[in-house]
Every structure is written in structure tokens, then in C-alpha cells.
Number of protein chains: 2
Amino acid sequence: MSLPHLDRSGRPTLRTVAELAGVHVSTVSRALSDSPSANERSGSQRTIARIREIAAEVGFERNPHGSGLRTSRSSLLGVLVPRLSDVVLATIYEGIEDSARARGYQTFVVNGRDEPAIRRERLQMLLARRVDGIVLGDAHGDADELAATLAERGTPFVLTNRHSAAHVSVTCDDLLGGRLAAEHLLDLGHTALAVVAGEPYASTGRDRTAGFLQVCAERGVEVPPERIVHAQFDVDGGRGAAGALLASPAPPTGMFVVNDFAAIGAMGAARAAGLTVGTDVAIVGYNDIPLASQLPVPLTSVASPMHEMGVRAAETLIAAIDGRPVESLRLPPTLSVRESSTGVLEPTTL
Amino acid sequence: MSLPHLDRSGRPTLRTVAELAGVHVSTVSRALSDSPSANERSGSQRTIARIREIAAEVGFERNPHGSGLRTSRSSLLGVLVPRLSDVVLATIYEGIEDSARARGYQTFVVNGRDEPAIRRERLQMLLARRVDGIVLGDAHGDADELAATLAERGTPFVLTNRHSAAHVSVTCDDLLGGRLAAEHLLDLGHTALAVVAGEPYASTGRDRTAGFLQVCAERGVEVPPERIVHAQFDVDGGRGAAGALLASPAPPTGMFVVNDFAAIGAMGAARAAGLTVGTDVAIVGYNDIPLASQLPVPLTSVASPMHEMGVRAAETLIAAIDGRPVESLRLPPTLSVRESSTGVLEPTTL
DNA sequence: ACGTTTGGCACAAACGATTGCGCAGCATCA
DNA sequence: TGATGCTGCGCAATCGTTTGTGCCAAACGT
């Protein structure tokens, strides 16, 4: 059959449905709206049902340009992350996506690559697209420029993964995570401890390190400054840093590496130094990525609730968009103990 | 300073700039257009320069809703992938993003999770958003429903990563990749070979396996059917499949695992079986993810040009959108030889 | 000096959806 | 009977941008 008044690309518009139903477009608009207020202003239940039926039949889908133009809302949530090829951020993003979609929003994600210029440019792009709000997954330092810009501008936003200053954020309680790691290593009897901290601009690495050192101090174990080294959040970074630590005159017997990939690198460095991971040197990572349990020597790691972090971040952002009061959230991590810190437990691992 | 005629959210519009410049909005629109045809119809070079200056000064950014409504183009490329937390797809996506952005498009990515219902729904969403074209990174089988839908509907699209039927695609030459793996293992003298193939619906796994078997046949080495097992593209899948192979009465000495994560699982299974990877059993993976070279036993892997695949896919899609003729592209992989197949070469790995 | 071209811009009509307002018709109530 | 209220829907303006058409003046040719 041929439909009346299709748009340029052959898709039905409100008017198509209206003519088919014999009513005015405004009636169709109201009937198809899911806001109850618009709905009650519209016609009888019978008419509404009929309109919806026809709309479904012809496959009508509201044109977001028309709708966005009129309402100045896009139903779009911008998401800025360092990079999606990092499984941690990709998992957080999946949480954001799930939650946003369930609430009628779509997500628009961009990679900021932890480069200030790129981040700025990408954020600009999101704003130019008129997103309704922004999830910032890559805050830098405690006075993040972008967060400040957004706050000043009044665009709703929420930080996740990393936090920054007093802005609303949904993160893992990394301080607690660091504490868990320290308690574990200390309970195992280690006193020669080291930390492979992350990039200085990421609150994650800073907090994890701080928590770790807190517990050490509380228990009277000193971690000298030269045993705390900064490294990139990847395999190479971890290997380099751990290699240097292990090559020092008094090498550590317990290492906390604030990122699993870096921890994998650290394990490599240990092996290269002729040490057996788990017995000669205990290594604890962070995030508990799926791979951690599958390594030749399974990695002890602080498990952060990545997916849930994304879910809650999106929820919080939407609350902010709706004008509801919001506050920061710190989700608790747990420790997954494996052989990289305890040594081989059961040789019968299939 | 207070600007004339801002929009509801306080942002400058064409009219803001027009009033500031003392010209009509249409003149501003043309002056700011980057299409040369519109440009020449617009005013003098002096006027154009002045308008651009004012626009930059007040931070004007074209409202995509208004523009999209008028032109029925969104400058948006939809991207459908199985999941972004898979580093292979995430890397391809980064290529798409880089290339699209350089050509004035933004990308809108969604996860289809390899579930038909979800894929359909996500595609629907992209179309509802009026994307200008679609990159399909998750084609299923040789008669992919979504690809067929798009073709019928006339929406420009291109497949990548996986191909399907006669649709235009930009992929890795996986057949060649499989051949490289076979040649390598045969050159090393192995004759008891096995393949951990992927999910049957993915062309990647099918082609890789087929190429591998081609070379085996050419060289007169038989790979019995029970030595070809299907598994998921992840660590668990690889471990299970390889474990079964190695536990058989006549275990293989050379294994081709069509995905690096699965290969990592296979290495685990080998170790669990008391075998030394690289000497007792040679393992070759696929994709050469960054982690491959960093494993305790570095993994020999067929390197696929993931980023370039994304770049070329986006280029191809944009060509199709512009109505230029396009054709499929098969990018050649290379082999990265490491210890997982050759045994430990140099004990002096730092 | 008088048409004719052309450069430089303005006018106005769209695109598709939303929403305040208003207007019939009917029922209710005094 | 007339005032009032409600139900059910239509009217029309509006969002910001693009683009076909038209107009005025200056430049040009003869």
C-alpha cells in the first residue's frame, strides 16, 4: 500500500499517521507521547489506542531532529572515557549503556585518550550535539578543567571511575581497595612492600596507593618512597616499574600494582628476574578483570564493581537531569585472593 | 556582554550572529557552510570573513537538530559491534572513529552482543536516530538478516570484521591468516594438528579454519574432524576446547586457535595437562592483541590490522553515502612468531 | 546613454514535532 | 433555561537551519 505524506527518505511522519487516523497531527503527537500529562490532554482512550495501532503498523518513529528542535532535548547522554579498548572502561560503559537505555536515553561515547586537547575537543563535540548530560570517565587531577567548565555552564554531569574535587561522582571506593590489598599482604607476613602506583593525574591510582599506605602506617610497616613508583596503566608500564623495584638492592617481597594490566607486566618482570610469583614475590592487582583468574599464575586482585559503577553513574546523571537531588556514591570493592599472592595452593587446577 | 537572541539554553543561533553582523541569517548560513557551492552564492569575501569571525567570537555552533531537520542528514555513522569490551572490536571502532571524525562525521556505537533480538533492536535505534550510514561489525552467517534489511531499505552500510554474502565489506583476509598459521606449524615439523575454531556464525573463525585446512591438504597433512572443535572467542572457551583436545588418546602437538583470548585459555589447558607450551605443544593465536607479546610465554599470533580495518571501513561507508562506487577490501594479515610455537629462544628476555 | 550581466545579499518557505490555547458539543446542576 | 464544567480534539506558532528565488545596485558592453 502507499502511505500518505512520507518524509524525504520515505519514512512515515506524524502527518502520515494523522491522515490515516483522520485526526490532527497534534492529536497523534499527544497520543504517542508517554508523558501522562500530554496523554490526558489527548483524546479518548479509543482514539489513542487506534492511533498507536496505526503508528505501529506503518512503523512510525519520531524524527529526533524535529522533536529535538522543538523540545531542545536530545535523549542523548554523552560519555567521555580515556579509551574504549581498555576493558575496564569498556565494562563501565556497558553499564552506562544498559542503564541509560532502560530509562529512555541513548548514549554517545567518545575517546578522550587522556590528552587534554583531545578531551576538550571531544567534549565540545558532545555539547555541540546537544546531549542532555555527560558522564565523565576520565577526570584529570583534582581540578579537572572539563568538569569545571561543565559545572560553570550548568550542563548536568557526573564523574565516574575517577573523581575530582567536589563534583558529584560515582566511583569505586579505591581507598578501601588499597586498604584491602595492604591488609592481605600484611596478613601474609610481608613487610618489604612496594607499590606500583598509576598515572599521577588519575584519582584511582592515587586513592589506591593512599589506602595501601594508610594501613601500612597503621600497622607500623614503613614503605620507603623509593618503593613507590609511578607507571602507566598497562603491561609495559607495570613491567618496567616492577623490574626496577626488583632490581634494587633490597627488593620487595610484596607488591601492590594498582591496575591488572600493569600487574601482569609486573609478573613478567618477576619471572624475568628468576622469581616465582606467589612464593618469592606476592603480587596484588586491581580491578579483577576476567583475565586475572585465567592467567598461568592466577592474579590476586581487588575486584571493583565496574558494570555497576556505570549503571549507577547513569542513574545519577539522569536524576540530575530531572532536577532531583544527587550525591556522590562510593561503591565498595572486594578482594579476590589467588595464587599470585598465596603461592600455588592446589596443583590439581584443571 | 549580552548577546541578542540566544536559544532556550542560552546558546547563540544563526540569528545571533546575523544580528551582530547586520546581515540576514541566510547569509550567515551560507558564509558558515563549507560547501563551496553555497559559499560562492554567499557574500563577498570580506563579509564572509567578518561573519566567521563573529561566529567564532560568540562561540556559535550549528544546532544539529535544526540542521538535521532541514537537510535530513545527521552527520552520524552508526556502528554495531558485538561488544566493546572485546579489545579487537574496540580497536576497530577506534579506527572507525578516527577516520569518520577526520571526514566530518561522528560515530554512534552500540553493542549487539551477538544476540539476534538485541542486534535488531539496536539497529532499529540507529535508524530511528537517522544515522547517515552504518558499519556492521557483527554479521551473522552468510545471510545476515540485518545486512539484508539494510540492503533492501537502501541505507548505506558496510560490513567489517566479519563479512556476509555479497555485501560490501572491509575485513582481514582471514583465509590467508589461516594459511599463515598452517604454514608456520607445518614448517616447524608438526603433523598432529588441531584447530580450535570459533563460533560457527562468525565468518572470521570459519575463514581462518578454512585457510588452515587448505594448506594442510595441500601439504598432505590430514586434520581429522575430531581435531576441529568449536568454542567461544574467550579464555574459557579456548581452555575447554583445548583441554578436550589434549586429553584425547592422540593429542595434537600443534594447535591453531582462531582468537588470542581463546589461545590464552588453550595455553592454560596445556599447562594444566603438564605440557610446556612452545616445546611440548605449539600454539598459534589470532589478532596479535597487545597482550600476546607480554604473556609469560609470548604467544605466536596472526596479526590482523584492526585499526586500519576500522579506518578503511569508515572510508568505504562514507564513499557509499556520497554515492561513489565502492568495493570490498581484504587486508592482509602477517604472522608474529613468538615462543608459544617455537619454544624458548632466548632465555635473556628481560 | 541604455540595456544587460553579475555580485551581494534578503525573503520566505520549508523540514517534523510539540504545546498553549481555544472551541465545539455534551452533561450536570441549580 | 441558562450557567458551568468537562471531554475530545483542532489551530497555529514555534524551534534553528537551509536553500530556491528575487531584488537592488554597480559594472560592463556597445
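Chain naming here is simple, since letters A, B, ... match the order of the sequence lines and numbering starts at 1 in each.
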Between V170(B) and T160(B), what is the shortest heavy-atom contact and its length? O-OG1, 2.7 Å
State whether the distance check finds a donor on one side and an acceptor on the other, under 3.5 Å, for side chain R30(B) versus base dG20(D). yes
Checking contacts here: which listed nucleotide (dC9(C), dA17(C), dG16(D)) is nearest the side-chain heavy atoms of S29(A)? dA17(C)
What is the distance, to the nearest angstrom, from the NE2 atom on H65(B) to the P atom on dC15(D)? 16 Å
Under 4.0 Å between a side-chain N or O of T27(A) and OP1 or OP2 of dG10(D)? yes
In this structure, how many angstroms lie between the P atom of dG8(C) and the CD1 atom of I48(B), rounded? 9 Å
Taking dC15(C), dA17(C), dT17(D) as options, the one with an atom nearest any side-chain atom of F60(A) is dA17(C)
In whole angstroms, how far is the C1' atom of dG16(C) from the CD atom of E19(A)? 13 Å
For side-chain contact (heavy atoms from CB on, under 4.5 Å), just list the numbers for L89(B) and R83(B), CA-CA rounded to whole Å, side-chain angles, deciding distance to a tenth of an Å, and then say yes or no. CA-CA 7 Å; L89(B) 270 306; R83(B) 8 184 22 127; over 6 Å; no
Between R8(A) and V25(A), name the one whose nearest nucleotide on DNA chain C is closer to the 5' end. R8(A)
May I ask you to decide whether R113(A) forms a salt bridge with D98(B), counting only side-chain N to carboxylate O separations under 4.0 Å? yes
Expressed in angstrom and rounded to an integer, what is the separation of E61(B) atom CD from dG16(D) atom P? 15 Å
Please tell me whether R8(A) and S72(B) have a donor and an acceptor in their side chains that are separated by less than 3.5 angstrom. yes
Over how many whole Å does the gap from R130(B) atom CZ to dC15(C) atom P extend? 14 Å
Please classify the nucleic acid contact of V23(A) as base, sugar-phosphate, or nothing, using heavy-atom distances under 4.0 Å. sugar-phosphate
Any donor-acceptor N/O pair under 3.5 Å between dC11(D) base and S26(A) side chain: yes
What is the distance from CZ of R129(A) to P of dG16(D), rounded to the nearest Å? 17 Å
Whether the T107(B) and Y93(B) side chains hold a donor-acceptor pair (N or O, under 3.5 Å, no angle test) is what I'd like checked. yes
Taking atom P of dC15(C) as reference, at what distance in whole Å does atom CZ of R11(A) sit? 17 Å
Proximal nucleotide (of dA17(C), dG10(D), dT17(D)) relative to the H24(A) side chain: dG10(D)
Rounded to whole angstrom units, what separation is found between the CD atom of Q45(A) and the P atom of dC9(D)? 10 Å
